[in-house]
Amino acid sequence: MIEIVNLKKSFEGKIVLRRVNLKVYDGEKLVIIGRSGCGKSVLLKNILNLMQPDDGYILVDDVPIKMVGQKDLFILRKQFGFLFQGAALFDSMTVAENIALPLVEHTNMSQKEIAKKVAEKLEMVGLPGIEKLKPSELSGGMKKRVGLARAIIMDPKYVLYDEPTTGLDPIMAASIDHLINELNDRLQVTSIIVTHDMQSVDRIADRVVMLHMGKIIFEGDLNDLHTTENPIVHQFVHGKMEGPIQPKPVKY
Ligand SMILES: Nc1ncnc2c1ncn2[C@@H]1O[C@H](COP(=O)(O)OP(=O)(O)O)[C@@H](O)[C@H]1O
Ligand SMILES: [Mg+2]
């Protein structure tokens with residue numbers, strides 16, 4: 001379980017996360033929604049320890065991550081797979097080399113073992129046999145799948161997705177959502193998915209939280225989400241998905 005307690009993060013005096021409290025339970029698919037710029041990616045980066053909170057703390061399986069030393073940090077990181085917003089593949093490397101990167105850097109596995117593992121993950125994301133292709137030969141949806149194969153190469157316990165369907169056409173988006181569901185079941189992982197695509201929310205979520213003005217203003221299942229009377233959540237769910245207005249900086 002991941003437990004986020006009183007998390008606070010500001011940038012140059014501008015509060016992004018004011019006080020976030022959140023539990024992520026084992027095996028669930030938790031979707032985080034919220035308008036552009038509300039701090040969803042910042043929250044994920046704090047969970048991954050890529051960014052440190054100003055205040056508050058995060059427990060991963062009861063261990064506070066800020067207490068983890070350099071050596072244990074790797075053990076902690078290994079538990080997380082992360083699909084970045086832009087898939088972030090290296091263009092000069094083949095698909096197989098991209099996926100194998102964490103194994104090459106952090107394990108003593110032989111070439112043969114690595115190749116087997118890569119093939120297994122490619123099969124899992126529905127792209128068997130494309131090891132030798134270069135990222136430039138892939139469609140947007142395929143790149144996301146390859147990014148996902150890399151995210152799960154170390155057999156993580158938690159998989160975090162930042163806007164996994166952004167930039168994809170509706171059919172590809174649906175197939176990525178389907179894959180997220182399938183992997184969650186098949187790998188028995190816990191998934192945290194950040195999105196502002198309501199269709200994705202409906203396809204994926206076991207539970208939904210909405211981040212707004214630095215706090216979680218809604219927590220519930222899909223039924224709760226669709227029947228809430230909270231006007232801000234209601235507008236997000238039923239109205240425009242993403243407004244052009246950036247949220248105002250939160251003041252003390
Ligand atoms: N490294 C950073 N330095 C300064 N400001 C940042 C940094 N990362 C994010 N921010 C700011 O924090 C706010 C939330 O960003 P982000 O979490 O990326 O939003 P989103 O909900 O769209 O993912 C934005 O106003 C952004 O400009
Ligand atoms: Mg973001």
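Remember, it's 1-based here, ligands and their atoms both numbered in the order they're listed.
Taking 4.0 Å as the cut-off, Glu163 does not count as a neighbour of ligand 1 on heavy-atom distance. At least one heavy atom of Cys38 sits closer than 4.0 Å to an atom of ligand 1.
By the 3.5 Å distance cut-off applied to N or O atoms, Val16 is not counted among the residues near ligand 1. At least one N or O atom of Lys14, backbone or side chain, sits closer than 3.5 Å to an N or O atom of ligand 1. Residue Val42 places at least one N or O, backbone or side chain, under 3.5 Å from an N or O of ligand 1.
The side chain to side chain contact (heavy atoms under 4.5 Å, CB included) check on Asn184 picks up Lys29, Val189, Ser191, with sequence neighbours excluded.
Membership of an apolar cluster is not assigned to Ile171, as no side-chain contact below 4.5 Å to another ILVMFWY residue is traced.
Looking only at distances, a side-chain donor or acceptor of Asp26 sits under 3.5 Å from a matching main-chain atom of Met1.
One hydrophobic cluster, built from ILVMFWY side chains closer than 4.5 Å, cannot hold both Phe218 and Tyr25; they sit in different ones.
Of all atoms in ligand 1, listed by their number and element, those nearer than 4.0 Å to a heavy atom of Ser36 are 22 (O).
With atom 24 (C) of ligand 1 as the reference point, the heavy atom nearest to it among Gly37, Ser41, Gly39 is part of Gly37.
Contact check on Lys117 versus Asp155 returns a salt bridge, with a Lys/Arg side-chain nitrogen under 4.0 Å from an Asp/Glu carboxylate oxygen.
Under the 4.5 Å side-chain criterion, counting only non-hydrogen atoms from C-beta, Asp206 is not in contact with Leu222.
Residue Ser41 counts as close to the Mg ion (ligand 2), with an N, O or S atom under 2.8 Å.
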